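Just so it is clear: chains get the letters A, B, ... in the order the sequence lines come, proteins before strands, and each one is counted from 1. In this text, all values refer to a predicted model and were calculated from it rather than measured experimentally.
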Amino acid sequence: RKEVEQDPGPFNVPEGATVAFNCTYSNSASQSFFWYRQDCRKEPKLLMSVYSSGNEDGRFTAQLNRASQYISLLIRDSKLSDSATYLCVVNGNNNAGNMLTFGGGTRLMVKP
Amino acid sequence: DAGITQSPRHKVTETGTPVTLRCHQTENHRYMYWYRQDPGHGLRLIHYSYGVKDTDKGEVSDGYSVSRSKTEDFLLTLESATSSQTSVYFCAITPAGQGFEQFFGPGTRLTVL
């Protein structure tokens with residue numbers, strides 16, 4: 001089983017739609033969770049951290065369910081510019097290096 | 001902008017040749033990382049560093065070595081490049097006081113023929 005699993009997609013949605021991605025992780029000791037966005041042929045960029053209480057940043061809402069070990073990302077009112085790959089990221093259980101484990105990514109395509 | 005540059009940005013080389021990739025940062029970050037990204041595998045950690053001359057192996061370190069003689073530079077060396085090392089290589093840093101968040105350089109696209 002992969003440490004961080006995501007549906008690779010692609011998710012094809014029309015502009016204005018609401019879309020949700022889920023991600024599951026295997027390490028129950030993980031403490032930090034993130035969503036990164038990666039555009040084609042570019043570096044990953046931090047979209048948002050995910051907190052236990054859930055958090056929102058504009059059209060984006062992230063939630064964490066520790067009991068079921070999954071993380072979600074909700075995008076409301078999708079824009080063409082939201083088209084990208086979204087990476088679920090979890091910190092590992094280690095004593096050095098602040099190591100992160102990346103999911104394979106979910107591809108989103110927003111159509112006009 | 002995390003203040004990270006990578007060089008070269010693109011390189012084509014032949015099997016068996018040595019290759020060194022450079023990651024340069026300007027803000028004295030302590031933690032630096034090298035990843036490779038391949039279709040179907042996502043980002044995988046090669047090596048990381050937690051200070052000058054302090055480095056350790058990641059998940060896919062075989063065939064790679066690193067050096068960090070100055071805070072600002074983290075070098076990744078492929079001693080004898082193989083076609084399986086064709087990949088996109090990303091350098092990342094963790095700013096002090098920001099927990100586990102990592103910020104990435106623009107990447108180096110390496111092709112080994």
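Put simply, of A:Gly103, A:Ser32, A:Gly105, A:Gly104, the one with the most heavy-atom pairs under 4.5 Å next to chain B is A:Ser32.
Residue A:Val13 is grouped with residue A:Leu80 when hydrophobic side chains (ILVMFWY) are merged at heavy-atom distances under 4.5 angstrom, including chains of intermediate members. Two different hydrophobic clusters hold B:Leu75 and B:Tyr48 under the rule that ILVMFWY side chains link at heavy-atom gaps under 4.5 Å. Residues A:Leu74 and A:Val110 are members of separate hydrophobic clusters, defined by side-chain heavy-atom contacts under 4.5 angstrom among Ile, Leu, Val, Met, Phe, Trp and Tyr. In the hydrophobic cluster analysis, where Ile, Leu, Val, Met, Phe, Trp and Tyr join through side-chain heavy atoms closer than 4.5 angstrom, A:Val89 is grouped apart from A:Tyr70.
In this structure, B:Phe103 and A:Lys45 have side chains that are not in contact, with every pair of non-hydrogen atoms separated by 4.5 Å or more. Residues A:Lys42 and B:Phe104 form no side-chain contact, since every pair of their non-hydrogen atoms from C-beta on lies 4.5 Å or further apart.
Residues of residues 46-65 of chain A lying under 4.5 angstrom from chain B, judged on non-hydrogen atoms, are A:Leu46, A:Ser49 in numerical order. At a heavy-atom separation below 4.5 angstrom, chain A is approached by B:Gly105, B:Pro106, B:Arg109 within residues 105-113 of chain B.
A donor-acceptor pair is defined here as one N or O able to donate and one able to accept, closer than 3.5 Å; no such pair exists between the side chain of B:Tyr33 and the backbone of A:Leu100.
Counting heavy-atom neighbours within 6.0 Å of A:Glu15 CD, excluding the residue itself, gives a total above 12. A 6.0 Å sphere centred on CZ of B:Arg68 holds more than 12 heavy atoms belonging to other residues, nucleotides or ligands.
Rounded to the nearest 0.5 Å, atoms CE (A:Met99) and OG1 (B:Thr94) are 11.5 Å apart. Annotation: the span from B:Gln102 atom CD to A:Phe34 atom CZ amounts to 8.5 Å, rounded to 0.5 Å.
At a 4.5 Å heavy-atom cutoff, A:Gln6 makes no contact with chain B through either its backbone or its side chain. For B:Leu43, the parts lying near chain A are the backbone and the side chain together; criterion is any non-hydrogen pair under 4.5 Å. B:Gln37 touches chain A through its side chain: at least one heavy atom from C-beta onward sits under 4.5 Å away, while N, CA, C and O do not.
Of all heavy-atom pairs between A:Tyr36 and B:Glu101, the closest is OH-C, 4.1 Å.
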